[in-house]
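Quantities reported herein were computed from a predicted structural model and do not represent experimental measurements. Chain A is the first sequence line, chain B the second, and so forth, proteins listed ahead of strands; every chain is numbered from 1.
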Number of protein chains: 2
Amino acid sequence: MSGSRPFANALELLRDAGLRPTRQRLALARLLFDRGDRHVTAEQLHGEAIAAAVPVSLATVYNTLHQLVGAGLLREVVVNPGRSYFDTNVSDHHHFFLEESGRLLDIPGDRIDVSNVPAPPAGTAIRRVDVVIRIGREAD
Amino acid sequence: MSGSRPFANALELLRDAGLRPTRQRLALARLLFDRGDRHVTAEQLHGEAIAAAVPVSLATVYNTLHQLVGAGLLREVVVNPGRSYFDTNVSDHHHFFLEESGRLLDIPGDRIDVSNVPAPPAGTAIRRVDVVIRIGREAD
DNA sequence: TGCCTTCTTTAGAACGGCTCTAATCTGTTG
DNA sequence: CAACAGATTAGAGCCGTTCTAAAGAAGGCA
């Protein structure tokens with residue numbers, strides 16, 4: 001009963017990120033990080049918080065998500081115009097995107113090799129390499 | 001003076017796609033395909049059409065862009081939440097995305113190797129593999 | 001403990017990109 | 001040239017997200 005214990009961690013996690021551990025942020029952090037890797041939209045998370053009897057406004061959900069992204073605890077994944085996903089897995093990895101259902105699935109970073117990448121333009125550096133494999137029903 | 005001549009092609013291009021060559025569609029097709037590979041947003045294209053004294057509504061720009069995507073003549077690129085880019089290069093290739101300016105740069109398909117890709121879930125097939133290399137000012 | 005400052009939360013308005021609607025217009029076919 | 005299907009349009013509407021200004025909580029310090 002130790003290791004990456006979730007409950008106590010939400011507090012530390014927020015403190016380490018320099019965020020005051022408020023009721024709302026604690027609840028959101030737990031919803032996000034207590035169940036392993038997740039891909040949630042702001043609205044989903046908001047719904048879960050409400051369902052868990054934690055009244056949080058949508059604005060706060062967005063604020064918190066962006067703060068966690070800023071702290072490197074969350075990653076924003078863009079696969080769909082007009083909707084952002086937030087990924088609790090911040091390790092090096094990529095995604096399958098199921099176009100029909102809008103679901104995301106992780107692909108471990110070591111399961112894909114991206115090689116032979118050209119150098120970025122002068123004065124710029126690579127921030128991230130995103131591989132999105134769009135999949136759909138077989139035989140379209 | 002032959003080959004992929006632009007002007008005459010706009011007509012053919014639309015007919016081959018099963019789209020009536022209307023004034024608006026012809027103008028948009030020329031703006032899109034007469035200058036080599038481009039990455040445009042709907043609003044950009046709309047602005048160009050207006051500037052070229054071709055009165056087109058934004059709704060028509062969207063309609064036309066989607067029809068061209070459906071015909072395989074254009075490709076939608078999603079890198080930014082809340083804004084779509086349309087890419088006139090439909091060959092196999094990938095992108096640099098300059099986060100500061102919002103610009104896209106093509107990377108030829110043969111300049112990147114994506115290998116060792118896991119099989120997609122049963123009953124699904126890969127539709128496309130998108131690699132987006134996000135770049136920013138050096139030394140962040 | 002209570003006060004004070006700072007940070008956080010909030011409802012609701014606002015925003016931006018995109019889509020829809022229903023009326024008008026234009027290409028095309030016979 | 002008539003007539004119909006398809007295309008265009010202005011403007012309203014939609015949806016995810018952000019902004020605003022005011023009220024509310026955390027934490028520090030006397």
Side-chain angles (χ1 to χ4, degrees), chain A residues 10-31 39-50 52-71 74-87 102 104, chain B residues 10-31 39-50 52-71 73-74 76-87 102 104:
Chain A
L11 219 175
E12 283 176 43
L13 178 147
L14 290 172
R15 282 211 210 284
D16 290 358
L19 300 169
R20 271 196 205 167
T22 64
R23 219 181 302 281
Q24 294 85 340
R25 295 213 268 232
L26 281 166
L28 294 175
R30 282 181 200 127
L31 286 170
H39 303 100
V40 291
T41 64
E43 214 159 341
Q44 259 171 46
L45 185 60
H46 182 238
E48 289 179 17
I50 299 301
V54 181
V56 193
S57 73
L58 197 50
T60 296
V61 172
Y62 276 105
N63 288 342
T64 303
L65 286 171
H66 288 145
Q67 288 151 358
L68 293 174
V69 169
L74 222 48
R75 188 166 128 179
E76 193 170 355
V77 182
V78 183
V79 283
N80 235 5
R83 170 172 258 107
S84 277
Y85 292 79
F86 294 87
D87 189 346
L104 280 173
Chain B
L11 220 172
E12 281 176 45
L13 179 147
L14 290 173
R15 281 212 211 284
D16 290 0
L19 300 169
R20 270 197 207 170
T22 64
R23 218 180 303 281
Q24 293 86 340
R25 295 212 269 232
L26 282 166
L28 295 174
R30 282 180 200 128
L31 286 169
H39 304 100
V40 290
T41 64
E43 213 159 342
Q44 259 171 45
L45 185 60
H46 182 239
E48 290 180 16
I50 299 300
V54 181
V56 193
S57 73
L58 196 51
T60 296
V61 172
Y62 276 105
N63 288 341
T64 303
L65 286 171
H66 289 146
Q67 289 150 357
L68 293 173
V69 168
L73 297 167
L74 223 49
E76 193 169 356
V77 182
V78 182
V79 282
N80 236 3
R83 173 174 256 104
S84 277
Y85 291 80
F86 294 87
D87 188 346
L104 280 172

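DNA chain C is contacted by both B:Ala59 and B:Thr22; B:Ala59 maps to the nucleotide lying nearer its 5′ end (nearest heavy atom per residue). Position along DNA chain D of the nearest nucleotide to A:Leu58 versus B:Thr60 favours B:Thr60 as the more 5'-ward residue.
Residue A:His46 is classed as having no contact, given no heavy-atom separation below 4.0 Å to the nucleic acid. Contacts of A:Ser84 with the nucleic acid, taken as non-hydrogen atoms under 4.0 Å apart, involve only primed sugar atoms and P, OP1 or OP2. Using a 4.0 Å heavy-atom cutoff across all strands shown, A:Arg20 reaches at least one base atom of the nucleic acid. Across all strands shown, A:Pro81 has no heavy atoms under 4.0 Å from either base or sugar-phosphate atoms.
Shown here are the side-chain contact (heavy atoms from CB on, under 4.5 Å) partners of B:Arg15, two or more places apart in sequence or in another chain: B:Leu11, B:Pro21. B:Ala71 meets the side-chain contact (heavy atoms from CB on, under 4.5 Å) test with B:Ala17, B:Leu73; sequence neighbours excluded. In terms of the ring-ring contact (aromatic ring centres under 6.0 Å, His included) criterion, A:His46 has no residue partners (sequence neighbours excluded).
Heavy atoms only, all atoms of each residue included: B:Ala29 and B:Leu13 are closest at CB-CD2, 4.4 Å.
The span of DNA chain C lying next to chain B, judged by atoms under 4.0 Å from heavy atoms, is bounded 5' to 3' by C:dG17 to C:dT28. In 5' to 3' order, the nucleotides of DNA chain D bounding all contacts with chain B (an atom under 4.0 Å from a heavy atom) are D:dA5 to D:dA10.
Pairs of residues two or more places apart, or lying in two chains, never qualify as salt bridge (Lys or Arg N to Asp or Glu O under 4.0 Å) while including a residue from residues 57-68 of chain B. Applying the side-chain hydrogen bond (donor to acceptor under 3.5 Å, both in side chains) rule to pairs touching residues 57-70 of chain A yields A:Arg25-A:Gln67, A:Ser57-A:Thr60, sequence neighbours excluded.
When B:Val61, B:Leu68, B:Leu65 are each tested for a side-chain contact (heavy atoms from CB on, under 4.5 Å) with B:Phe86, only one passes: B:Leu65.
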Under 3.5 Å, sequence neighbours excluded: what are the donor-acceptor pairs made by side chains of residues 76-84 of chain A?
unit_1	atom_1	unit_2	atom_2	d
A:Glu76	OE2	A:Ser84	OG	2.7

